[in-house]
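Quick notes on the structure that follows.
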4 protein chains.
Amino acid sequence: MTAGDRDRGVRALREAAAARLDALRALRRDLHRHAETGWTEFRTSGLVARELARHGYRVLRGHECVRPDAILGAPPAAELTRRRREAGELGADVELPGVVGILERGPGPTVALRFDMDATEVLEAEGGAHRPAVEGFASTRPGAMHACGHDGHVAIGLGVAELLARPDLPWRGRVKLVFQPAEEGGRGAHPMVEAGIVDDVDHFAALHIGHEALGLGQVALEVTHFLSSAKLDAEWQGVAAHAAGAPERGRNALLAACHAVLGLHALPRHGGGATFVNAGVLRAGTGRNVVPSVAELRFEVRGETDQICAGLEAAARQVVEGAAQMHGVEVAIRAAGRTIGARSDPGLVARLGALVAACPGELEALPSFPLGGGEDATLFMRRVQARGGQALYFLLGADARSGHHSATFDFDERALGHGVALMTGLVLDLLG
Amino acid sequence: MTAGDRDRGVRALREAAAARLDALRALRRDLHRHAETGWTEFRTSGLVARELARHGYRVLRGHECVRPDAILGAPPAAELTRRRREAGELGADVELPGVVGILERGPGPTVALRFDMDATEVLEAEGGAHRPAVEGFASTRPGAMHACGHDGHVAIGLGVAELLARPDLPWRGRVKLVFQPAEEGGRGAHPMVEAGIVDDVDHFAALHIGHEALGLGQVALEVTHFLSSAKLDAEWQGVAAHAAGAPERGRNALLAACHAVLGLHALPRHGGGATFVNAGVLRAGTGRNVVPSVAELRFEVRGETDQICAGLEAAARQVVEGAAQMHGVEVAIRAAGRTIGARSDPGLVARLGALVAACPGELEALPSFPLGGGEDATLFMRRVQARGGQALYFLLGADARSGHHSATFDFDERALGHGVALMTGLVLDLLG
Amino acid sequence: MTAGDRDRGVRALREAAAARLDALRALRRDLHRHAETGWTEFRTSGLVARELARHGYRVLRGHECVRPDAILGAPPAAELTRRRREAGELGADVELPGVVGILERGPGPTVALRFDMDATEVLEAEGGAHRPAVEGFASTRPGAMHACGHDGHVAIGLGVAELLARPDLPWRGRVKLVFQPAEEGGRGAHPMVEAGIVDDVDHFAALHIGHEALGLGQVALEVTHFLSSAKLDAEWQGVAAHAAGAPERGRNALLAACHAVLGLHALPRHGGGATFVNAGVLRAGTGRNVVPSVAELRFEVRGETDQICAGLEAAARQVVEGAAQMHGVEVAIRAAGRTIGARSDPGLVARLGALVAACPGELEALPSFPLGGGEDATLFMRRVQARGGQALYFLLGADARSGHHSATFDFDERALGHGVALMTGLVLDLLG
Amino acid sequence: MTAGDRDRGVRALREAAAARLDALRALRRDLHRHAETGWTEFRTSGLVARELARHGYRVLRGHECVRPDAILGAPPAAELTRRRREAGELGADVELPGVVGILERGPGPTVALRFDMDATEVLEAEGGAHRPAVEGFASTRPGAMHACGHDGHVAIGLGVAELLARPDLPWRGRVKLVFQPAEEGGRGAHPMVEAGIVDDVDHFAALHIGHEALGLGQVALEVTHFLSSAKLDAEWQGVAAHAAGAPERGRNALLAACHAVLGLHALPRHGGGATFVNAGVLRAGTGRNVVPSVAELRFEVRGETDQICAGLEAAARQVVEGAAQMHGVEVAIRAAGRTIGARSDPGLVARLGALVAACPGELEALPSFPLGGGEDATLFMRRVQARGGQALYFLLGADARSGHHSATFDFDERALGHGVALMTGLVLDLLG
């Protein structure tokens, strides 16, 4: 493909995508209304699977693309059951969220695109200035809101699916569209990676829309400073006793937890890069006059590099276990999420840059962008790269209102068209 | 009244009570099935009020005998609403638990008897050895169980009400039967005392049935070593922030709570008597990656004397407030319950002893009994004594199975007859 | 011996002791001026050994009566060397404090009396109201003061030694006078017991003078409520690192110590009796900007019974070790002192009572006295009792001014005569 | 002055300095042998004052150039007295360390150069590989060692003083040579700045020799990333009490300190830059069985910017005070040292660069160097800049062995010649 061909192709795609903008917008708003948090994306998964099948993709669902024993941070079974029931018809036969659509056109490389599907645990704003509320597509489930733009990601993914399925588009090889659950908290990529979904992938790409610093049409070609993070749950189990009658018979799980919280926050800074620690949620004890026999803590550590994060995690586990020993209680530590660092391959960055450059006036390239946050697409990236492939992660500007995870988050839906055009263009560039 | 008169009177009462044992047992079992925890005794209060009225008592209900702004440790309004609705017909028009029945017969002293009505927050056992389960009167509300015998207290109280209303019983003066909500946690006596219910009382008596150490028919005439206690709730309010993005903007309520928990448990022992401290329940934080903005702690301090307890409470408040200051968060401390020490008056102890002595073979007196626990009847006792009256608190053996507050607590219901006889006898002795 | 004989004997002893009061007072004041704290009683031991030898006793010194590898809580070697040098001529050849004098008169039982010799770590008051200052016998060593009356104990012991050596006193058997170092902190009895000093003893007695609650001449015949205690030292060893350059390379011993201190103070109270915990002295760190690599803590736990104390000690060790684990540092725990509970034998209590009763007007018996403190004479008592002997511990009133261990402690020296008379009388009563 | 003039001048200076290298080395070694830690530079100050006077400078000493009430982190008075006595003849009449030498040559701008004089609290190595030990100039005072190269700074300063005093050197204006005590811990600059020493200065320069990353002759022209820091001392004052007799009467300073240490280490990280916290030294308590009545803590906070550091300091003070409130003890917080950030002025950086460039083969310029540490020369820099002047801080390579503050620190003394040449050259460049 020549540069001229590519430019013409991108512009054609851009027009095709723009022509579908109303449908993309409607789809995104439907998803926004039915926000589903991590591991409860039953309706979303059902909808995605239906659409992929409609366009002729081979569809892998649930256990076919998510390794159950590698799942991180799933909610209690009772909540899953309840949420599945609430998901209605679309989610009725979805046992486990997570969908992969595969389309093949003869021999050639494999390109995988990843789109995450989960909403955040945020109560959506009702105020008059919040467009989803004004225009009637605010979340119908209190405490679940697409405040991170993943509704847009799914819409883009299905837009790409539709375009790539058009028989007139010239490409050869294989496309894998990966719809991932539970990106929030770094929970869903790990079991999909462990299921081997990207083990045969030559080129991988993922995007995120709506970073506050980017205006509509701006594209951050290369993202750096992914924070490495470990999300952990600790549960201390002690022995209850009457607090005045026989306190000496108790084993106090709350005291262990309090020592652990203070010990975690006292984990040393690092001379070689940023670290963060947060003990976020603690629940302990059963009654005012009972020695607390149980305590549950949700916490996380982050480091500027994988090595810093690994050191912090090891030290954090030591803190949690030592605190248990102090008070003679048992403790179990479970991994509940994980993100790592990654770097996009320059070759893919350059290809994306060329696509952006082909749309002057509408798209604009930004150089290296330090994220300073976590993103579990990095697990796919590192796996692909470890097996000889190439990976890319980029940001797509959308004039986002408020910050991510805020109750008034929203974005300019024209970015959906940009996303479809760039992702489809990338596939055509690689497989054309 | 001569000693011979009294003895004959007591024996007559004993027979009258024994004759009513089936009815007392049925009443106790009905209450046991409909166990209601503190401040939710809607059905119980409705039933008590109906019975008192039926026997001709003047009835004070809710706000008439419970001072609302002195209520301690009430559950959230939503829970109260739900429980009132669940209470059915009897509780339908009970706005606030708490009932006092008043009967007058010409001039004379005023005698008050107090009966507490609340169940404990215990899940009743289902096993075959547990009589309430076997015989079909186990609690129908999971997590609420009469595991402290207050169902028996109410039955005794209504038995006494019926006997005293009999026209043939010779007494002059005034009787007040006080049915108190929320004894558990030391919550219900305070607002009834503050309502002035016992301000005009010359003689006051309360009992407790079923202490494990006492066999059926044994009566501990004098109880000592009431622990003084303060039950407190602390709520720290901080500021949420993204734990990695801008942790410095947060004000960490969980850290404040952890410092407070450790500081509370480090409150000094006392050279002059026993102390106890328990941080029982902690709930803090909203999300793993959010600086915790809120923390709630339920705790208590106890002392062998009122003075020791008061010192501990003052020091505990200092700990909680200092911990808030450390982390720049706000804190509110609420009293959620209170018990104090008290001593029965020797004159009343002697009268009770004489009643017991009049029933050899059936009742047996035990000397001074050290309770080593809390009981909020002491608030009534101290108020009555402070205004020149006399007070009595005694224990009535009932071959109790398991300890109080255990899931298999039960007692020998013949004790109900003993309770009715002794309480009625005491009134007749004082007003005869 | 008849009761009349005994009474006459006691009165004779009382007169003999009173006749020596000036000498006893002079001796006590000499010891007071040369106060020596635990394990540094070089001069005192030398003086005691000289006097015992002068009266014809066989003398065991240092290693002959103190088992070196059982010594608890000895100061650093450098301090011992310095103090030995300061002790002057008398202490010059005393390698290790501790003296036992043995006198035999034919076959018969063995009676041991124990006198402790150490001063407290208190800076003696200089003020005008303090008699030792006024009359010129205040301690000449800053920070060492006989503020617990052990100077009087040694004077009594030597007074007894002199009387018992008189050829005209009628007794048969064997007397062991045990002069113990380091009673403060419960350090000196253990290695003397372990040396087997009282393994052949049939009757054992020890006294303490000057309890604030007792007036001159009052004798508490039976002492109860000895607190059981364990005095422990913890030393955490971590790794130093530059606090800003590479804090992650450090292992923070101070953080471990702080967690341990809070954990120790949070050790649960006990439903079965009093407990006390104190983290008394902490030294940690080397520089402001260096991660602290070392921390040393002196602490103690006490319980109303040996069992409560043992449970506390086990839990305390767990706290200290768990805190080390939390922060990845090493820790060593050393026993630095120990006291246990004990009970006097009624037979000996009765004998003492008879002696006191023989001196009406001068001495007065008090019944059971709850000490509520620790005393390591209990280790001798329990060893003697375990081997079939009998033991006694009593208090001798002396109109003490200020509390024990206060900078203005002093007592009425006439009590020295009482002590000599009672102890000698007890020996004569047992061996006469 | 033309570039050619300057180059010739620099080379001439370089030769002049090199010619004095033996004298500079001898002087540095004399200072090294007589290492004096912060605020005890009595001998050093005396020596400096004598030399400055010998070269014709007007000399300000002690209170004339150091504002007493602004002194930070001075040792106890007793230690100062002892050290002054030990300083010998040279230090005999030095009341307070700190010297400024002033030389004027007609009208013109004022240039100030600052040299710090204090040693570190390090025990110098004795091993064979340590040149100061091998060649006999190791510190004669245990625990005081020039392990940061300030001996070299003083030698350079006096070398500059001698050259500038030469009548043949062409300059006009005024030179101030500032010999500062107590740079370690950021203690000495503040009171000199507050004394107004640099208030009339147009150009200011300071250097540091021997950074490990720099080889001999390498010059880091511009230094960035000065950490802003606050060094603070906290002293908690509680109430002692017998730990078992009446612990409730105590106010526990050690508990307050432990809460503070944990609270300090839990101070939040910052999203905008690095932070560091260290609780370095804690001393608390008086006896094992006494409630600790006193605790002293030395700690520090550092931030990547002044604003971050100020926020940390405010939060740290809150932690310390809140911990005191928790336990009902008093606390005093004293500033013991302070460093801030600063930026060299480009004009001066350029001048220095030109001087370096004039000595190819011997000197080599390095670009921007991130220090990542604290240095209180920044206080002078900011004051000069605040009053319209310019400031410069640079690093001079010296093949340093071991890191700064290590027991085997040493450097290549040829750097002394480089320092003299560059500093003198800078003055001539500015005033020539």
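Chain identifiers are assigned alphabetically (A, B, ...) following the order of the sequence lines, protein sequences preceding nucleic acid strands; residue numbering begins at 1 within each chain. Since the structure is predicted, the reported quantities are computational estimates derived from the model, not experimental observations.
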Show every donor-acceptor pair shorter than 3.5 Å between a side-chain atom in residues 273-281 of chain B and any protein atom, with sequence neighbours excluded, or say none if there are none.
from: Thr275(B); atom 1: OG1; to: Arg269(C); atom 2: NE; distance (Å): 3.2
from: Thr275(B); atom 1: OG1; to: Arg269(C); atom 2: NH2; distance (Å): 3.3
from: Asn278(B); atom 1: ND2; to: Arg288(A); atom 2: O; distance (Å): 2.9
from: Asn278(B); atom 1: ND2; to: Val290(A); atom 2: O; distance (Å): 2.9

- Item | Spacing of Asn289(B) atom CG and Ser229(A) atom OG [to the nearest 0.5 Å] | 9.5 Å

- For Gln237(A), does the CD atom have more than 12 heavy-atom neighbours from other residues, nucleotides or ligands under 6.0 Å away? yes

- Message: I'd like to know whether CD of Glu79(A) has more than 12 heavy-atom contacts from other residues, nucleotides or ligands below 6.0 angstrom.
- Response: yes

- With only heavy atoms counted, which part of Leu227(A) is less than 4.5 Å from chain B, the side chain, the backbone, both or neither? side chain

- Query: Above 12 or not: heavy atoms from other molecules or residues under 6.0 Å from CZ of Arg83(B)?
  - Reply: yes

- Message: For a 4.5 angstrom cut-off between non-hydrogen side-chain atoms, does Thr286(B) reach Glu121(A)?
- Response: no

- Message: Suppose we screen for ring pair (Phe, Tyr, Trp, His ring centres under 6.0 Å). Which residues come up paired with His211(B), at least two apart in sequence or across chains?
- Response: Phe369(B)

- Most contact-rich option vs chain A, by heavy-atom pairs under 4.5 angstrom, among Asn252(B), Leu297(B), Leu254(B), is Leu254(B)

- Item | Heavy-atom pair count under 4.5 Å with chain A, highest-scoring of Ala244(B), Ala243(B), Gly285(B) | Ala244(B)

